[in-house]
Structures are given as structure tokens and as C-alpha cells.
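Computed from heavy atoms alone, side chains included, the values below leave out hydrogens, waters and symmetry copies. The sequence lines fix the lettering, A, B, ..., with proteins before strands; numbering per chain opens at 1. Only a predicted model underlies this, so the values are computations on that prediction, with no experimental measurement involved.
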Amino acid sequence: MKDFRYLSGVSTLKLDDASCVGCGMCEIVCPHRVMTVENHKAKVVDHDGCMECGACATNCPSNAIAVTPGVGCAAAIISTWLKGKEASSCSGVKCC
Amino acid sequence: MQPKPAEEIACCEPSYGPQSSPYERSGYRLCLFVEDFVQTPVRPVPKVKTDLSSIDIFGTIKTRLNISRMNYKVAPGLYCVGNPNPKSPVLVTANYKLTFDVLRKQLSGLDVWILVLDTQGINVWCSAGKRIFSTEEVVRSVRHSCLDQVVAHRKLILPQLSATGVSAQQVKKGCGFEVVWGPVRANDIKPFLDNGMKAEPEMRQVTFSFRERVVLIPVELTQILKPLLWLIVIAFLLSGIGWDVFSIKAAWLRGLMLIAAAVTGIISGAVLAPAFLPWIPTRTFALKGGITGLITGAGIVWLLWEKLDGWGALGLIFCTLAISSYMAMNFTGSTPFTSMSGVEKEMRKAIPLQMIAGLMAVVVWVGSAFAR
Ligand code: SF4
Ligand code: SF4
């Protein structure tokens with residue numbers, strides 16, 4: 001989203017050019033238009049727009065995308081810090 | 001009543017229910033949004049209305065205010081709109097009633113099937129993030145509803161925001177249905193279908209308009225109600241401390257001022273910061289809340305100026321600032337564009353500063369009582 005920019009240079013998104021088969025799936029599923037596919041190769045065009053939702057990695061048929069998916073939610077992160085990964089999830093925090 | 005296998009229900013269908021309506025069953029109540037049933041080879045499928053009744057709207061308002069929000073669902077399974085046939089498209093969605101209502105409202109005039117997954121009453125985006133709206137759940141629902149006997153084609157339209165939890169490839173492998181990624185927003189479904197199931201680039205992108213932000217504010221506010229009670233108690237206790245050790249009169253008079261500053265901080269961080277999000281400079285939410293907190297804190301001091309001295313004023317500003325910054329930081333979870341790495345980075349810097357500001361608020365406020 002152009003009106004909304006979050007911190008720069010933090011996303012864990014990584015694209016492995018060599019394994020990309022250019023299917024275009026990542027471009028379709030990304031809600032922030034981070035990827036485009038040109039000449040049968042995916043390209044990260046807006047790395048800082050990535051919110052680490054993981055949709056692209058989940059749907060890439062050739063595992064060319066690596067991203068640590070997570071929710072950008074302060075309340076969830078606090079509960080992870082306090083209670084550890086397992087106990088947290090959002091059920092404890094009533095975020096969404 | 002024990003759920004019966006599909007075949008059994010299908011075969012003894014005619015003998016079911018009283019004569020007034022064949023769809024009435026003991027132990028069940030017909031949902032108000034169901035207007036009729038459509039016969040299919042498997043079983044009658046409920047046909048839902050595309051306009052919302054006052055009860056639906058009342059339910060929406062209630063959930064927006066966080067009243068029994070966690071249990072607002074529709075029963076998972078196959079539904080339909082209009083008069084669908086085996087060639088009609090299948091839309092897949094979550095079983096949060098709000099999501100279901102938003103979707104069916106957009107479907108007037110269409111003939112489509114709606115496959116409602118069991119997402120435990122959570123919306124598409126959040127349930128996909130938690131992997132409840134998952135590949136497995138899509139496959140399970142397709143099988144459970146015998147969708148392959150209801151429709152002749154093998155395509156499912158999934159909301160794009162569920163892609164976080166669903167792998168199109170694995171769905172195809174699991175149940176033979178191809179996933180077509182639909183638009184992000186339900187109101188783009190008609191153009192999407194008219195366009196031969198192609199989404200324009202704008203339909204693929206999430207938005208976070210003023211309206212979309214403002215509807216989230218009440219839930220943010222209700223979540224702070226309990227901590228606010230503690231804050232009020234602490235504010236009265238702190239405000240009574242002074243040369244007389246503890247003065248009830250001071251606790252009351254000065255306590256009210258401190259509470260006013262705290263409430264101002266909450267409004268500043270949970271209402272103003274979200275509402276004016278894109279127009280407040282800086283990207284960090286804690287800073288955005290800090291900025292609104294400084295401004296509103298100055299405002300409350302200006303209002304109470306007659307009753308304050310310099311130190312007291314400073315204490316109140318610290319209080320508003322700390323709370324506002326914290327509340328704004330917590331709004332990150334409600335936005336569709338903050339990454340976990342980003343929020344974590346922000347929090348590591350912001351939380352120590354918020355704690356210092358909070359501590360300063362206490363020290364300066366209590367200290368100001370001795371400065372008289
Ligand atoms: S989904 Fe994977 S293989 Fe397909 S274009 Fe994107 S990176 Fe390449
Ligand atoms: S993780 Fe999500 S936001 Fe980031 S590139 Fe992939 S699909 Fe886009």
C-alpha cells in the first residue's frame with residue numbers, strides 16, 4: 001500500500017532466483033504487490049512492502065521463496081515473550 | 001441428535017419434518033438468513049438471503065463493540081444464493097458471521113454456491129494466519145459436503161487473503177479441486193465473476209481506509225477497560241501521597257486529574273492515532289502514539305492549568321505520552337501491513353522508553369505534591 005509504509009529493511013523475505021519456475025502464483029496471492037513476474041522469473045519489487053504473511057511461500061510450487069511468517073501484532077508478541085511460543089497464539093490475546 | 005451420513009438423510013428426506021415445512025427438524029432452528037432450500041443430488045442446500053435483516057445488523061454492531069465477538073458464527077457447510085446449478089461457481093469463506101454477512105450482501109442477483117469452512121468463528125485473514133483456514137480444512141469441507149456430487153466443475157474460488165493458510169497445489173492434490181484466487185474484498189466479487197474470474201491488480205491489494213480503521217476502534221477500547229480500572233485505583237493512591245503522608249482530599253482532587261490524563265492517553269493512542277494513522281509523521285506506531293500523546297497531553301494540561309504547577313503539568317504529560325504510545329503500538333495487530341519482524345524491532349526500542357516515560361510520570365507526579 002502506498003499510503004501505508006512500515007519499517008524498512010526488516011522483512012525476512014528471500015527469493016531464490018535459480019529455483020523459480022515463473023508460474024506467477026506469488027504475484028497473484030501477495031496482498032501488497034511485493035512480487036512481479038517478468039520473463040518467467042519472479043522479482044521482488046517492493047521488499048519493504050512485505051508484511052511476512054507467508055502467502056507467497058505457501059503457494060510457491062518450487063519452494064523458491066523463504067519467509068518467516070508471523071503476525072505483526074504487538075499484543076501477540078508480548079504474550080510470546082511472556083509465555084513462550086506454544087502458549088501464546090492469539091487465543092490468549094483477543095486480537096483477532 | 002446424532003448427525004446422519006449424507007446418504008441416509010437423502011434417502012429418507014420425504015418423511016422428514018412436519019407437513020407445514022419439510023425442513024423443520026426436531027432440535028434445530030432454522031436460521032433467519034435462510035429463505036429456502038435448493039435440491040441437490042446430495043441433500044437440500046440452504047439458500048440464503050442477500051439482504052441483511054435488523055437482527056444481522058444488530059449482531060454486527062454487537063461484535064464491533066466486542067460483545068460476544070468470539071462466538072459469532074454460522075454453521076459450516078454448503079449454502080447457496082439464487083438458483084445455482086451444477087455449473088455455478090463455488091465461493092469458499094470463513095464461518096465468522098460478520099464475514100458471511102459481508103459476503104452474501106454482495107451476491108444479490110448471482111447464482112452461486114457458498115462453501116463455509118469451520119474457521120472457529122474467526123475471519124478469513126486471521127484464521128488463515130493461524131492456519132485454521134487451512135489446506136486441510138478446505139479439503140475436509142469439500143469432502144464432507146460431497147461437493148463433487150453437487151457441482152460438475154472442479155473449481156473453488158477462495159478469498160485471496162486465505163492464501164496465507166492454503167496451498168492451492170495441496171488442495172488440488174487433496175480433493176481434485178483447482179483453487180482460483182478471488183479478490184481481497186467481497187464487493188469485488190461481481191466484477192471478478194463478470195470478468196471471467198480475473199482480478200484487476202487493485203482487487204488483489206489490501207486497503208486500510210479511514211472507515212476500515214475506525215470500525216476497529218471500539219474493540220481496541222473495550223480491551224483496555226479492565227486495565228483502566230487498575231489504573232484508576234493506582235491513580236487515586238498515588239495522588240494522595242504528600243506532606244500529610246496520605247490525604248484523601250488530595251487523592252480525590254489530584255487523582256481525578258491523573259485519571260483525566262490517563263483517559264486522554266487512551267483516546268489519543270487508541271482512537272486518534274488509528275484514525276489519523278497515515279497522516280501522522282513517522283512509521284513507527286509507538287512514535288505516532290507518542291506524537292498524538294504529546295499534543296493531547298499538552299491539551300489536558302492547558303485545560304487544567306489553574307489547578308497545576310509546572311511539575312504536576314509535566315507529570316500529566318508523561319502519563320498521557322506513555323499510555324498513548326503503548327496503545328498505538330498495540331494497534332499494529334489490527335493493521336494489514338505490519339510485519340512481525342518490524343513490530344518486534346519497534347517494540348524492542350519502544351517498550352523501554354514507554355517504561356521510562358511511565359516511571360517519570362509516577363515520580364514527577366508524586367514529587368510535585370512535595371514541591372508545593
Ligand atoms: S510462485 Fe515461486 S515459482 Fe512461481 S513465480 Fe513465484 S517464486 Fe517463481
Ligand atoms: S510474505 Fe506476504 S506480503 Fe510478503 S511477499 Fe509474500 S505474500 Fe507478499
Side-chain angles (χ1 to χ4, degrees), chain A residues 1-13 23-36 46-63 67-82 88-96, chain B residues 66 69-70 120 122-123 125-131 135 160-170 179-181 184 199 201 204-209 219 222-223 277-279 283-286 326 328-347 350-351:
Chain A
M1 273 185 291
K2 287 192 200 69
D3 316 354
F4 295 99
R5 299 264 67 181
Y6 197 45
L7 311 187
S8 305
V10 288
S11 171
T12 51
L13 178 74
C23 69
M25 205 50 147
C26 52
E27 185 178 352
I28 292 176
V29 296
C30 177
H32 290 291
R33 294 205 243 168
V34 172
M35 314 273 212
T36 25
D46 185 13
H47 195 269
D48 290 339
C50 174
M51 62 169 298
E52 302 182 318
C53 69
C56 52
T58 307
N59 281 280
C60 173
S62 60
N63 290 326
V67 60
T68 314
V71 277
C73 169
I77 295 174
I78 291 177
S79 92
T80 311
W81 285 350
L82 296 180
S88 75
S89 85
C90 288
S91 45
V93 195
K94 284 207 275 170
C95 63
C96 58
Chain B
N66 207 2
R69 179 171 66 106
M70 302 318 266
Q120 302 171 16
I122 301 173
N123 68 30
W125 175 254
C126 292
S127 60
K130 292 176 204 184
R131 309 299 185 269
T135 308
Q160 189 194 324
L161 290 185
S162 69
T164 299
V166 179
S167 154
Q169 265 191 310
Q170 299 299 330
V179 169
V180 179
W181 295 110
V184 166
R204 292 245 170 267
Q205 199 165 15
V206 293
T207 51
F208 202 37
S209 63
V219 170
T222 53
Q223 281 171 354
L277 200 63
W279 305 299
R283 292 180 182 181
T284 320
F285 282 60
Y326 182 78
M329 187 180 78
N330 266 325
F331 191 66
T332 49
S334 304
T335 71
F337 67 98
T338 50
S339 62
M340 186 159 102
S341 303
V343 176
E344 227 170 332
K345 183 179 174 191
E346 153 164 3
M347 288 168 71
I351 289 181

Give, as side chain, backbone, both or neither, the part of A/T68 having an atom under 4.5 angstrom from any heavy atom of chain B.
-> neither
Who pairs with A/E52 by side-chain hydrogen bond (donor to acceptor under 3.5 Å, both in side chains), at least two apart in sequence or on another chain?
-> A/T12, B/S341
For A/I28 against B/R204, the heavy-atom pair lying closest together = O-CD, 3.1 Å
Quick one: CE on B/M329 to CD1 on A/I78, what's the gap to the nearest 0.5 Å?
-> 4.5 Å
Quick one: pull up SG in A/C30 and CD in B/Q160 and give me the separation to the nearest 0.5 Å.
-> 8.0 Å
Working to the nearest 0.5 Å, report the span between CD of B/Q169 and OG of A/S62.
-> 8.5 Å
Which bit of B/W125 is near chain A, if near means a heavy-atom gap under 4.5 Å: side chain, backbone, both or neither?
-> side chain
A/N59 side-chain N/O to B/A168 backbone N/O, donor-acceptor pair under 3.5 Å | yes
Does any heavy atom of chain A fall under 4.5 Å from the side chain of B/V179, the backbone, both, or neither of them?
-> neither
Aromatic plane relationship, B/F285 with A/Y6 - under 30° parallel, 30 to 60° tilted, over 60° perpendicular | perpendicular
Over all atoms of both residues, closest heavy-atom pair of A/C53 and B/R131 = O-NH2, 4.2 Å
Given side chain to side chain contact (heavy atoms under 4.5 Å, CB included), test A/H32 with B/V206 step by step and report yes or no.
-> CA-CA 7 Å; A/H32 290 291; B/V206 293; 3.2 Å; yes
Does any heavy atom of chain A fall under 4.5 Å from the side chain of B/Q170, the backbone, both, or neither of them?
-> neither
If you measure from OG1 on A/T80 to CE on B/M340, what distance do you get to the nearest 0.5 Å?
-> 7.0 Å
Closest heavy-atom contact between A/V10 and B/S339?
-> CG2-OG, 3.9 Å
Between B/N330 and A/A74, what is the shortest heavy-atom contact and its length?
-> OD1-CB, 3.5 Å
Who wins among A/S11, A/C56, A/P61, A/C50 for the most heavy-atom pairs under 4.5 Å with chain B?
-> A/P61
Can you check side chain to side chain contact (heavy atoms under 4.5 Å, CB included) on A/T58 and B/T164, steps first, answer last?
-> CA-CA 7 Å; A/T58 307; B/T164 299; 5.7 Å; no
dist A/R33:CZ -> B/Q205:CD (nearest 0.5 Å) comes out at 4.0 Å
